[in-house]
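In each ligand, atom 1 is the first atom listed, and ligand 1 is the first ligand listed.
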Amino acid sequence: MRAQPKASHFVNGAYVEDTAGAVIEVVYPATGEMIARLHEATPAVIDTALAGAAAAQREWAATRPVERARILRRAAESIRARNTELSRLETLDTGKPIQETEVADWPSGADALEYFAGLAPTVTGETIPLGRDFVYTIREPLGVCVGIGAWNYPSQIACWKAAPALSLGNAMVFKPSEVTPLGALKLAEILVEAGLPAGLFNVVQGRGSVGAALVTDKRVAKVSLTGSVPTGRRVYAAAAEGIRHVTMELGGKSPLIVFDDADLESAIGAAMLGNFYSAGQICSNGTRVFVQKGIKDRFIARLAERTRAIRLGDPLDPETQLGPLVSAQQFDKVMAYIAKAEAEGGRLVAGGSRAALGGLYVEPTAFADVTDEMTLACEEVFGPVMAILDFETEDEVIARANATEFGLAAGVFTADLARGHRVVGRLQAGTCWINAYNLTPVEGPFGGVKSSGVGRENGKAAVEHYTQVKSVYVGMGPVDAPY
Ligand code: NDP
């Protein structure tokens, strides 16, 4: 099974190779087979990408928004037309089941290109009357933006960053995670085929050091990172040196609160989606499932039954519902969290072991009787491991849900809609759901509070993060100088 791209990088409108860069072996997580061999970007490749982006951006910023939009829309159509082939590549790169990648990864990337193509031409400034004089504002692009991606949704992340950046007149240099480097190259290729001028969307491969070199370059105006909180701290600090704009989409330990009156099947379905989809490798997962005492036993019994029916298998088989973890490193980390949860007194109610399939497959796992101090309730696992905690009152659960450094997402299941709105009003999270979980349509802003991040992706809110306001004072009469 080979998925070797034409070359490692995509710079100035074409594939580029520089074999002097350290080797990156790309592995299909389901079998351990090497599917591609790439090289990290050398300083020369990084420099060419940034110089090309800076040069191309000037003209792009002067292009009519509708013309920019037309190109993005064509790219979205091309992604949809090629969804089968692209989703297969995404599955090879990540190990996620094809039944997921075909509906969730590239399709949501196409949505972002389409959405921002529609939104960008409507972005305008304002006129502020001052009597005789006036001020008008212009929303200008930032310039060269750097995008750095995590490995869980590599192509979606690339699209979610490229779409607002490009539609609003910026250029982008994107560094995928070295674990999943293939999808972003396809995006670059598709954008150029759709008519995007060379240099506006570049992909350079590499580990953290390549990301660090990009973040500190003088030509860079903005950094958008999707990654863990520790990496976010480093990248935010490095960006601060140059007073650069940042968007930080970081990790979480999000609460999903299920009240006694909730529709049980929906709440369980949401908890399963919010812990097992993509083998649990989703930043916004509801990994602390707070269940009110009155339905706790029924919740756990039915959850265990439904979890046992999840089909693990070959990710390329359309029937497979749960694939392997992305890497051996992630597998070891997740298994260590499971062992720790057992040692700290968690009651295993589903899974808990390496799956019978072997390899990097972990059984979908749930622990009941988890308490707030247990490691499983405090740290992001990024694997198919659910923590079930019980609670009695609304005030209590809100206080406990908020007692974390994270604030990415939160969910509430209740039949009492007034309570649903009241509870989300008090939850410290950037993205909340009532009687739903983990749905992130491009129309809605997405992002975190507290250590989970700053800035928002998607929705109109993203415009704020890829443009800046120029304020122009217009004097309409003689200057009144006192000297
Ligand atoms: P990491 O934080 O390990 O890496 C994120 C990206 O940053 C990678 O491309 C990585 O490169 C790069 N990087 C690492 N160090 C530096 C540095 N010093 N300067 C610049 N770039 C650097 O995250 P993972 O890839 O392990 O992804 C999992 C994490 O991402 C989880 O915490 C998850 O919650 C979070 N996430 C957040 C989302 C959100 O929208 N809020 C969505 C998806 C994931 P390399 O991997 O090559 O080392």
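- Sorted by chain and number, the heavy-atom contacts of ligand 1 below 4.0 Å come from I148, G149, A150, W151, N152, K175, P176, S177, E178, G206, R207, G208, G211, A212, L225, T226, G227, S228, T231, R234, V235, E249, L250, G251, C283, E380, F382, L408, F446.
- For W151 and F382, the ring centers sit closer than 6.0 Å to each other.
- For the residue pair H39 and S8, the shortest heavy atom distance occurs at N-OG, 2.8 Å.
- Counting only heavy atoms from C-beta outward, the side chains of L322 and P364 approach each other to under 4.5 Å.
- Between K253 and N285, the closest side-chain pair of non-hydrogen atoms is not below 4.5 Å.
- K450 NZ: more than 12 foreign heavy atoms inside a 6.0 Å radius.
- Contact record, V204 with A49: CG1-CB, 3.9 Å, taken as the closest heavy-atom pair.
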